[in-house]
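Since this is a predicted model, take the numbers as computed values, not measurements.
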Amino acid sequence: MSVTDVEKRTSPNGGVRGEATRRRTFAVISHPDAGKSTLTEALALHASAINTAGAVHGKAGRRGVTSDWMAMERDRGISITSAVLRFDYDDYVLNLLDTPGHADFSEDTYRVLEAVDCAIMLLDSAKGLEPQTLKLFDVCRSRHVPVVTFVNKWDRPGREPLELLDEIEQRIGLRPTPVNWPVGIAGDFRGLIERSTGRYTAYTRTPGGAERALEATFGADEAREREGAAYEAAAEELALLDAIGASVDMPSFLAGESSPVLFGAALPNFGVRRLLDAMCDLAPAPQARESVDGDERPVDAPFSGLVFKVQANMDPAHRDRVAFVRVCSGQFTRGMVLTHAATGRPFATKYAQAMFGQDRETVETAFPGDVIGLVNAGALRPGDTLYADVPVSFPPIPSFAPEHFAVVRCKDAGKYKQFRRGIDQLDTEGVVQVLSSDLRGDQAPVLAAVGPLQFDVVLHRLEHEFGARSELDHLDYSLARLTDADGVTALAGVRGAEVLTRRLDGSLLALFADKWRLNAITRDNPSLRLDSLLAGTIQDAA
Ligand code: G4P
């Protein structure tokens, strides 16, 4: 069947391209406590996805912890797994993919960024760029994901707006281009001037911030009269910005060189609707995606999707595995039989679901940019491609350099079989990387993680899902490099280094206590192959 035939069949009105154009698929990247949960709630509130803010995410104590799937997450009041929110806003369909909000990294965080077309970089106005924001920004940069910046908490004392812009430019080389500008210093927030029109929006707090803030819009003269010196100060700063030409520039934004900046406060709901509008106006719609062969799969080609996350046992009542698939091209219709590119096997999609926190509903159709949850996805792994009719494989999701290593042992010898099954399962899902060596034997594999919280997830799941209580012994390594058989020989018996095999792909990882150890060994063995696990900036930022 040719591409054109399939197009006619799946979209009689040529609708796939139109549907793709309406989609905006994005994530919020931030440091813990910058206000990501609050902003997510506020965005969803404006898009009328929920009735009261607090019903989507909610930390411990807030209402309806719908994105926290595991009991452990509830205990800790954090969200480890990634939720996907889909909501309609005007003529747009927005897909907001949640990145885990805790201080630790897991590969999940990175994988989510493979599945989005844009990111909101959320900054706390008092803190500016913080370590986790920087790391995540680096991932966006390496994936060429355009970034919109939202400076949050403007209702509280914070830094000067120009100083924050300067920090963005100096530290990450991203040219900030303000969309709007705050009137009133941080802590005394009056409203926002829209740069393109000069119109001024004043905000009035609603009690508790759970409702949309009251907004009133004025022309420049009225605004000047209303806000006095605060307005004058903002106007002066704006004149400065105009003089240096810091205006929104689509080509450089899409190329990841500049970032439109918006100011506001998520909690009292100031400037959140403007942010939503900006996402619709500025964020790119789903585009053709490059395959491993370097060909482009246009959005209106037959269905293709990328598995970016696999999660088991999200619902204790159904011990199932859900694969989260980002639709890359074509129309998805529940019941279609897809092909799993890695194995060439058919994959039935009778149980496709839309994911909204913990609530799931059956999804009948989906278009490029949407995320579907496929149940009973035993064979699917993160990075896999599914397609209909015309074969395609997307490049694998890069595996990130682990920085934390620990030996895991089953506490109860009678449960070893369950333990092995659990370790294999968690390895396949990509919850951690599992390493082993002849020297260490099979009983106590080494786990490698990007962030230590991944270990807690492993222990919790081994015990609660597989009935194998286990313990960890942390290893004193912090760096991993790819090596070869010569590396195994050269590093045998060397203090502060060890070579292990990654089970999933058989690659050899050389582990080092720290960079001094690595440097010393490289000096002594200049011909040793020690490659970074991921080319680019992530390794350096880590
Ligand atoms: P996170 O998901 O990025 O970790 O942050 P979260 O939304 O949980 O926000 C962290 C804290 O910052 C919360 O306060 C939240 O209420 C507050 N916050 C978020 N946005 C704003 C804002 O625009 N203005 C002000 N003033 N505060 C904001 P908390 O006391 O830690 O939690 P809670 O008891 O309010 O839930």
Side-chain angles (χ1 to χ4, degrees), residues 28 34-35 38-47 53 89-90 120-128 148-166 168 176-243 246-248 259-282:
V28 178
T38 311
L39 178 68
T40 304
E41 287 162 12
L43 288 171
L45 172 73
H46 277 275
Y89 180 68
D90 290 345
I120 296 175
M121 178 164 78
L122 177 70
L123 305 182
D124 181 325
S125 64
K127 297 190 176 144
V148 170
T149 304
F150 186 73
V151 183
N152 190 31
K153 304 197 187 181
W154 208 257
D155 60 320
R156 287 212 307 217
R159 288 163 50 185
E160 294 285 331
L162 286 172
E163 183 193 325
L164 285 163
L165 297 194
D166 198 43
I168 295 171
T177 57
V179 170
N180 55 23
W181 198 252
V183 172
I185 54 166
D188 178 27
F189 184 39
R190 314 278 186 87
L192 293 165
I193 300 175
E194 181 71 23
R195 279 189 75 203
S196 64
T197 60
R199 300 281 297 170
Y200 171 69
T201 304
Y203 291 93
T204 317
R205 203 183 271 267
T206 48
E211 308 290 328
R212 296 177 179 88
L214 300 175
E215 300 178 11
T217 307
F218 305 94
D221 292 340
E222 264 179 298
R224 184 171 280 113
E225 205 164 298
R226 210 184 132 95
E227 307 298 354
Y231 185 90
E232 294 301 343
E236 260 173 47
E237 287 166 337
L238 278 178
L240 203 72
L241 289 172
D242 290 342
S247 300
V248 174
S259 175
V261 180
L262 294 100
F263 292 82
L267 188 64
N269 248 306
F270 294 167
V272 175
R273 194 170 57 82
R274 183 64 194 93
L275 176 64
L276 268 178
D277 290 337
M279 293 312 287
C280 297
D281 296 343
L282 303 173

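Put simply, the side chain of Ser125 never gets that close to the backbone of Arg159: no donor and acceptor are under 3.5 Å apart. For Asp124 (side chain) and Lys153 (main-chain N/O), no donor-acceptor pair under 3.5 Å exists by modelled atom type. Judged purely by atom type and a 3.5 angstrom limit, Arg195 has no side-chain atom pairing as donor or acceptor with the backbone of Leu238. Looking only at distances, no side-chain donor or acceptor of Asn152 sits under 3.5 Å from a matching main-chain atom of Leu122.
Taking 4.5 Å as the limit, every side-chain heavy atom of Tyr231 sits out of range of all side-chain heavy atoms of Arg190. Contact check for Pro268 versus Tyr203: no side-chain heavy atoms found under the 4.5 Å cut-off. The side-chain heavy atoms of Val148 and Phe150, taken from C-beta on, include no pair separated by under 4.5 Å. Residues Leu241 and Leu162 form a side-chain contact, since some pair of their non-hydrogen atoms from C-beta on lies under 4.5 Å apart. Contact check for Leu164 versus Thr149: no side-chain heavy atoms found under the 4.5 Å cut-off. Contact check for Ser247 versus Thr177: no side-chain heavy atoms found under the 4.5 Å cut-off. Using a 4.5 Å heavy-atom threshold, the side chains of Met279 and Leu43 count as separate. Using a 4.5 Å cut-off on side-chain heavy atoms (C-beta onward), Thr201 and Phe270 make no contact.
Gly158 approaches Ala186 most closely through the heavy-atom pair N-CB, 3.3 Å. In terms of heavy atoms, Pro176 sits closest to Leu165 at CG-O, 3.4 Å. When every heavy atom of Ala202 is checked against every heavy atom of Phe218, the shortest pair comes out as CB-CE1, 3.9 Å. In plain terms, the two heavy atoms of Ala265 and Val272 that are nearest each other are O-CG2, 4.2 Å. Closest approach of Pro182 to Trp154, counting heavy atoms only: CB-NE1, 3.3 Å. Among all heavy-atom pairs drawn from Ala42 and Asn269, the shortest one is CB-OD1, 3.7 Å.
Interatomic distance, Ile168 CD1 to Met121 CE, rounded to the nearest 0.5 Å: 5.0 Å. Once rounded to the nearest 0.5 Å, the distance linking CG of Asn180 with CG of Leu275 reads 9.0 Å. In this structure, the separation between CD on Glu237 and CH2 on Trp181 is 5.5 Å, given to the nearest 0.5 Å. Note that CZ of Arg274 is 6.0 Å distant from CG of Leu262, once rounded to the nearest 0.5 Å. Once rounded to the nearest 0.5 Å, the distance linking CG of Leu39 with CG of Leu267 reads 11.0 Å.
Taking a 6.0 Å sphere around CD of Glu225, one finds it holds 12 or fewer heavy atoms contributed by other residues, nucleotides or ligands.
At a cut-off of 3.5 Å, with distance as the only test, a side-chain donor of Asp277 or Tyr89 sits close to an acceptor on the other residue.
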Item to complete: Apply the test side chain to side chain contact (heavy atoms under 4.5 Å, CB included) to residues Arg199 and Ile193: give CA-CA distance (whole Å), side-chain angles for both, the deciding distance (0.1 Å), then the verdict.
Response: CA-CA 6 Å; Arg199 300 281 297 170; Ile193 300 175; over 6 Å; no

